[in-house]
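What follows is one structure encoded as structure tokens, with my remarks underneath.
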Amino acid sequence: IIGAGKAGYPMAQSAREIIGPRLEKAHVIVKEGHISKRVKAISEGGPRPGTASAPGPDTINFYEAGHPIPDERGVTATRQVIGLLSLTRPDDLVIGLISGGGSALLTSPVPNVSLKDLQVLTTKLLGCGATINEINSLRKHLDQVKGGGLARAAAPASIVTLILSDVVGDPQDVIASGPAVPDTSTYADAYSVLDKYNMVEQTPSSIINHLKAGKAAQIPETPKPGDEIFDKVHNVIIGSNIQACQAAVRQAQQEAFNALLLTTWMQGEARQAGPFLAAILRQVNASDQPTARPACIIAGGETIVTLRGSGKGGRNQELALSAVRDLSGLENSGLVALASDGGDGPTDAAGAVVTQDTLSRALAAGMDPINFLNRNDAYHFFEPLGDLLKPGPTHTNVNDITFLFAGAI
């Protein structure tokens, strides 16, 4: 077993239960703080920093690493994964457990591009408004295990990857940067992302040189559809945002709400999505459309945040903050925006709650939501109000979910 992502721990434990004594070895990389405390206690004094092992002959080696910015722990852990795959035989079966966060956790920079340079680029990409598809097209051309690289390392063994999707539309070549999937993007596509967001001058020269060499066909492209290395590869999506949203609809119905799944394709700027979703609640309030009270309307997807200030927050908190004024005074209504992994951006909150009285409480505390929105500081707006959601890591990741509630009047 090899794996990378925020759901790596429970996925690996479940796989081990199913495989039993046939499991030879496992290396799984998870986000820092996502290893079970029990496993950590067992592994104290273990052989390598950053690892944890469950007891028994079918040991799973868990590695913690940085996310969303890759770090040296991830590079070291990825070396262990590649080392294990280098030992595979034609009759071996490799099971890959891939989930959201895998792009940062599974990291092996291409030659002549340093981890530090990748960290600089990743930080800038996360704040420029680029989509995950655009970010991952760059990652796939700057890393040896992304964009089909893991499948190449696993050959000649068979590999089955079980994937939890954290990308809108579930494109397999984008989820965790498609480590075992043919790459449909090119060096030219990757370079065009930097061009689009005016980042060429801000990007480390090692990265620019590598991408230019790729565009000029001076170095090989990533593995493409039809490459024989994928002949023994099978990728299967086993969990996604639409499944989570459908489960939410069923639960809301059990709680006696008129439940409706609005979309699982919510994208664009978070600060624009908030007012739009608030407008839907106003429509419910005015005409019982698109569904009657008591209503629970669910929207899934993943928005983006273009950084304009130096505040603290995440896309779900920013979405919620942008809805505060539009929900003010809307009787018995509320919006809950959350990241399904329990961590919204670089914070300990999954998201935030907005109700009809959020604005009045904020103004009474001397806080204007517009000022906080202008500096991308949603966390410090909701924190003193007690309206941050802090469930801790959920050990999964299937994008974001927003709930619109309109209770009976």
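Bear in mind that the values here come from a model prediction, so they are computed numbers and not experimental data. Position 1 is the first residue of the sequence; numbering continues from there.
- Atom CG of L261 sits about 5.5 Å away from atom SG of C245, to the nearest 0.5 Å.
- Interatomic distance, CG of L106 versus CG of D143, reported as 7.0 Å (0.5 Å rounding).
- In this structure, F382 has its ring center no closer than 6.0 Å to that of F372.
- Side-chain contact between S322 and L373: present, with at least one pair of heavy atoms (C-beta onward) separated by less than 4.5 Å.
- Taking the six-membered ring for Trp and thresholds of 30 and 60 degrees, Y9 and F62 have ring planes inclined between 30 and 60 degrees apart.
- One finds the OG1 atom of T203 at 7.0 Å from the CG atom of L125 (value rounded to the nearest 0.5 Å).
- With hydrogens and angles left out, the side-chain atoms of E17 and Q13 include no donor and acceptor closer than 3.5 Å.
- Electrostatic pairing of E383 and K312 does not count as a salt bridge here, judged by no charged N lying under 4.0 Å from a carboxylate O.
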* List the steps, then state whether side chain to side chain contact (heavy atoms under 4.5 Å, CB included) holds for I298 with L260. => CA-CA 6 Å; I298 296 162; L260 172 69; over 6 Å; no
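- For the residue pair A270 and T303, the shortest heavy atom distance occurs at CB-OG1, 3.4 Å.
- A donor atom on one side chain and an acceptor atom on the other are not found under 3.5 Å apart for R282 and N285.
- With contacts defined as side-chain heavy-atom distances shorter than 4.5 Å, the pair T122/V120 does not qualify.
- Neither side chain, Q80 nor T76, offers a donor N or O lying under 3.5 Å from an acceptor on the other.
- One distance of note links CZ of R293 with CG of D288; it measures 7.5 Å at 0.5 Å rounding.
- Smallest separation of non-hydrogen atoms from S108 and T78: CB-CG2, 3.9 Å.
- Under a cut-off of 6.0 angstrom, the local environment of CD in E201 is sparse, with at most 12 non-hydrogen atoms contributed by other residues, nucleotides or ligands.
- Contact detail for D377 and G311: the closest heavy-atom pair is OD1-CA, 3.6 Å.
- Two residues are said to be in side-chain contact when any heavy atoms from C-beta on lie closer than 4.5 Å; E318 and N376 meet this criterion.
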* From CA spacing to verdict: salt bridge (charged side-chain N to carboxylate O under 4.0 Å, His left out), D341, K31 -> CA-CA 11 Å; D341 60 6; K31 181 179 177 179; 5.6 Å; no
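- Summarising the geometry, atom CG belonging to L319 is positioned 5.5 Å from atom CG belonging to L277; distances are rounded to the nearest 0.5 Å.
- Residues P223 and R152 meet the side-chain proximity criterion, which asks for heavy atoms closer than 4.5 Å.
- There is no side-chain donor-acceptor pair under 3.5 Å between S192 and D189.
- Contact of the M367 side chain with the H380 side chain is not registered, since no non-hydrogen atoms from C-beta on lie closer than 4.5 Å.
- For NZ of K390, the number of neighbouring non-hydrogen atoms (other residues, nucleotides, ligands) closer than 6.0 Å is greater than 12.
- Residues R271 and P275 come closest through the heavy atom pair O-CD, 3.2 Å.
- In this structure, F276 places its CZ atom where only 12 or fewer heavy-atom neighbours from other residues, nucleotides or ligands lie under 6.0 Å away.
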* Asked: K224 and D183: salt bridge (charged side-chain N to carboxylate O under 4.0 Å, His left out), yes or no, with the steps?
  -> CA-CA 5 Å; K224 303 303 179 192; D183 182 20; 3.7 Å; yes
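- Scanning for salt bridge (charged side-chain N to carboxylate O under 4.0 Å, His left out) contacts around D387 gives R361, with sequence neighbours left out.
- Between the side chains of N399 and D166, no donor N or O sits under 3.5 Å from an acceptor N or O.
- Between the side chains of S137 and S185, not a single donor N or O lies within less than 3.5 Å of an accepting N or O.
- Between A349 and L388, the shortest heavy-atom contact is CB-CD2, 4.1 Å.
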* I29 vs T107, side chain to side chain contact (heavy atoms under 4.5 Å, CB included): CA-CA, chis, key distance, verdict -> CA-CA 10 Å; I29 312 171; T107 299; over 6 Å; no
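- Note on R315 versus E302: salt bridge recorded, some NZ/NE/NH1/NH2 to OD/OE distance being below 4.0 Å.
- For the 3.5 Å distance criterion, the side chains of S328 and Q356 fail to qualify, holding no donor opposite an acceptor.
- Judged purely by distance below 3.5 Å, without hydrogens or angles, the side chains of T186 and E221 never pair a donor atom with an acceptor atom.
- For the pair N258/P294, a side-chain contact is recorded, criterion being any heavy-atom separation below 4.5 Å from C-beta on.
- Side-chain polar atoms of R250 and Q253 form no donor-acceptor pair below 3.5 angstrom.
- Between H34 and H395, the two ring planes are perpendicular [angle over 60°; tilted spans 30° to 60°].
- Looking only at side-chain heavy atoms (C-beta outward), S99 and L97 stay at 4.5 Å or farther from each other.
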* **Working for salt bridge (charged side-chain N to carboxylate O under 4.0 Å, His left out), residues E24 and R16** => CA-CA 10 Å; E24 287 191 24; R16 182 175 64 173; over 6 Å; no
* To do: For D173 and K146, run salt bridge (charged side-chain N to carboxylate O under 4.0 Å, His left out): C-alpha distance rounded to whole Å, both residues' side-chain angles, the deciding distance at 0.1 Å, then the answer.
  => CA-CA 9 Å; D173 64 325; K146 298 174 174 60; over 6 Å; no
* **Residues Q202, K124; criterion side chain to side chain contact (heavy atoms under 4.5 Å, CB included); working and verdict** => CA-CA 9 Å; Q202 309 169 42; K124 292 183 180 298; 3.8 Å; yes
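- I208 has its side chain within reach of L194: a pair of non-hydrogen atoms, C-beta onward, lies under 4.5 Å apart.
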